[in-house]
Amino acid sequence: MLNSSFIQQRQSVTPANFDFHCHSIVSDGLLPPHEVARRAAANGVDLWALTDHDDMGGLAVARATAEEVGMNFVNGVEISIEWQGVPIHIVGLGFDAAHPALSGGLDELRLGRSERAKRMGEALADIGIPGVYEGAMCFVTNPSLISRAHFARYLVSIGIARDVPGVFQHYLTPGKPGYVDHRWATLAEAVGWINEAGGVAVVAHPGRYKMSGAQMRQFLGDFKDLGGQGIEVTCGSHSPDHVLHFARLARHFAFHASRGSDFHGPAESYVDLGKLPQLPEDLKPIWRLVR
Ligand code: AMP
Ligand code: MN
Ligand code: MN
Ligand code: MN
């Protein structure tokens, strides 16, 4: 049962600038967690979550540094799932990072990443680009968390494409030669792990998924039925039209709204930490639900 002291622990002071989506070298970001924390604070973020892909290894340092610089912090993670064949990301916020359901689920997801990476190397060798797995490993900062971003950085370094988005476009997206299908977590698993660990599940950057309007509504209905509570409305990859569209869907599904830069590194991101528009004022901000 919720009692008043529990509610007191929820975020009580209205943050001026919350950013609940970004990465460090624990996944495919370019800065260590303490530097991401300091950069967030320097940019005016006053309530922050680090959300590395499928790994919670940066949270302790992130929290300690946030405390040092006087910034409020909540635990975060961005979980890779697949729903009806579409790769989707679910952000978890405010969970107990020691909960075995969540940590065990993420351990398994990371094992799958290593196998996928080897198959990506083989697929690229088949089209005449050898040694890419080994090359990408030189860009990997956490050996248990290999991302397509590391492949992209290596392929740029050997001149295969001019920049990271160019590599994705020609080699690393569905239908392209370096793309390898993979079984990620299910929607039910990701939302279940987050909720069991006492956290809140949020749909990451919904504007990036290749889905029809009807399919998106079906996905959001499934997400809600499984216990999902939030959706990113303002985020680094959303256009002003995306913001309006997903604000409408947030109202329709009675979701709380999140805001996150998806910062990966100074030279590689859509926007810097905290440097994005505020949420539409009538939406319920997700920070009200998280500790
Ligand atoms: P993975 O989790 O290994 O499938 O890799 C996904 C990561 O690659 C994302 O989190 C981004 O960091 C990066 N990424 C995906 N698509 C693109 C793109 N079109 N341009 C640049 N980076 C991308
Ligand atoms: Mn990433
Ligand atoms: Mn993502
Ligand atoms: Mn992300």
Side-chain angles (χ1 to χ4, degrees), residues 18-40 45 47-66 71 73-81 87-99 101-114 116-117 136-137 139-153 164 182 184-185 189-190 193-194 197 199-205 208 230 232 235-237 258-266 268-274 286 290:
F18 80 102
D19 188 332
F20 278 175
H21 191 149
C22 65
H23 300 271
S24 76
I25 57 169
V26 169
S27 61
D28 57 1
L30 294 168
L31 302 176
H34 69 276
E35 285 185 29
V36 185
R38 289 185 181 279
R39 189 179 182 99
V45 173
L47 175 58
W48 177 56
L50 177 68
T51 57
D52 274 307
H53 297 285
D54 306 329
D55 198 314
M56 303 187 287
L59 298 182
V61 169
R63 177 177 294 279
T65 312
M71 179 170 60
F73 181 77
V74 302
N75 285 340
V77 69
E78 182 177 17
I79 304 182
S80 313
I81 71 146
I88 289 174
H89 289 168
I90 301 294
V91 165
L93 296 168
F95 46 77
D96 168 10
H99 196 286
L102 182 58
S103 59
L106 296 180
D107 287 347
E108 255 188 59
L109 260 184
R110 290 195 301 277
L111 282 178
R113 279 183 173 275
S114 300
R116 175 184 71 148
M137 285 306 285
F139 286 76
V140 165
T141 43
N142 170 359
S144 83
L145 199 297
I146 314 174
S147 157
R148 280 183 293 159
H150 302 118
F151 278 73
R153 288 171 194 152
V164 164
H182 182 65
W184 298 108
E189 283 169 336
W193 300 336
I194 293 165
V200 174
V202 176
V203 177
H205 43 62
R208 276 175 51 184
E232 286 181 359
C235 69
S237 51
S258 192
R259 173 178 185 263
S261 57
D262 206 359
F263 177 79
H264 281 70
E268 226 183 72
S269 292
Y270 308 100
V271 293
D272 209 328
L273 290 150
I286 194 80
V290 296

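Heavy atoms only: backbone and side chains are in, while hydrogens, waters and symmetry mates are out. Note that the numbering runs from 1 along the sequence shown for the chain.
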Spacing of Ile286 atom CD1 and Leu47 atom CG [to the nearest 0.5 Å]: 11.5 Å

Plane angle bin for His53 and His23 - parallel if under 30°, tilted between 30 and 60°, otherwise perpendicular: parallel

Partner set under ring-ring contact (aromatic ring centres under 6.0 Å, His included) for His150, not counting sequence neighbours: none

Contact summary for Thr51 and Val91, nearest pair of heavy atoms: CG2-CG1, 4.0 Å

Heavy-atom check, side chain of Asp262 versus side chain of Glu232, under 4.5 Å: no

ring-ring contact (aromatic ring centres under 6.0 Å, His included) partners for His182, two or more places apart: Trp184

Minimal non-hydrogen separation, Leu109 against Ile79, with atom names: CD1-CG2, 3.7 Å

Salt bridge (Lys or Arg N to Asp or Glu O under 4.0 Å) partners for Arg110, two or more places apart: Asp55, Asp107

Under the side chain to side chain donor-acceptor pair (under 3.5 Å) test, residues paired with Thr65 that sit two or more places apart: none

Rounded distance [0.5 Å steps], OG in Ser103 versus CD in Glu108: 11.5 Å

Set of side chain to side chain donor-acceptor pair (under 3.5 Å) partners for Arg153, sequence neighbours left out: Glu268

Set of side chain to side chain donor-acceptor pair (under 3.5 Å) partners for Ser258, sequence neighbours left out: none

Atom pair OH/SG of Tyr270 and Cys235 - distance to nearest 0.5 Å: 8.5 Å

Residue pair Met71, Val45: steps toward the side-chain contact (heavy atoms from CB on, under 4.5 Å) verdict: CA-CA 7 Å; Met71 179 170 60; Val45 173; 4.1 Å; yes

Over all atoms of both residues, closest heavy-atom pair of Gly274 and Arg259: O-NH2, 3.5 Å

Within residues 24-33 or reaching into it, pairs that qualify as salt bridge (Lys or Arg N to Asp or Glu O under 4.0 Å) - sequence neighbours excluded: none

Pairwise distance CD(Glu78) to CG(Asp52) - rounded to 0.5 angstrom: 9.0 Å

Qualifying residues under salt bridge (Lys or Arg N to Asp or Glu O under 4.0 Å), relative to Asp54, sequence neighbours excluded: Arg113

Full working for side-chain contact (heavy atoms from CB on, under 4.5 Å) between His21 and Val202: CA-CA 10 Å; His21 191 149; Val202 176; over 6 Å; no

Trace of the side-chain contact (heavy atoms from CB on, under 4.5 Å) decision for Leu50 with Val61: CA-CA 10 Å; Leu50 177 68; Val61 169; over 6 Å; no

Heavy-atom pair of closest approach, residues Pro33 and Ala62: CB-N, 4.3 Å

Beyond-backbone contact of Phe20 with Leu93, side-chain heavy atoms, under 4.5 angstrom: yes

Side-chain donor/acceptor of Thr141 to backbone N/O of Val26, under 3.5 Å: no

OG on Ser261 to CH2 on Trp48, rounded to 0.5 Å: 10.0 Å

Reported CD1-to-CH2 distance for the pair Ile90 and Trp193, which is rounded to 0.5 angstrom: 11.5 Å

Set of residues satisfying salt bridge (Lys or Arg N to Asp or Glu O under 4.0 Å) with respect to Arg39, sequence neighbours excluded: Asp272

Ala117: partners by side chain to side chain contact (heavy atoms under 4.5 Å, CB included), with sequence neighbours left out: Tyr133, Ile146, Phe151

With sequence neighbours excluded, residues passing side chain to side chain contact (heavy atoms under 4.5 Å, CB included) with Glu35: Leu31, Pro32

Under the side chain to side chain donor-acceptor pair (under 3.5 Å) test, residues paired with Asp96 that sit two or more places apart: none

Minimum heavy-atom distance between Val290 and Gly94, given as atom pair plus value: CB-CA, 4.3 Å

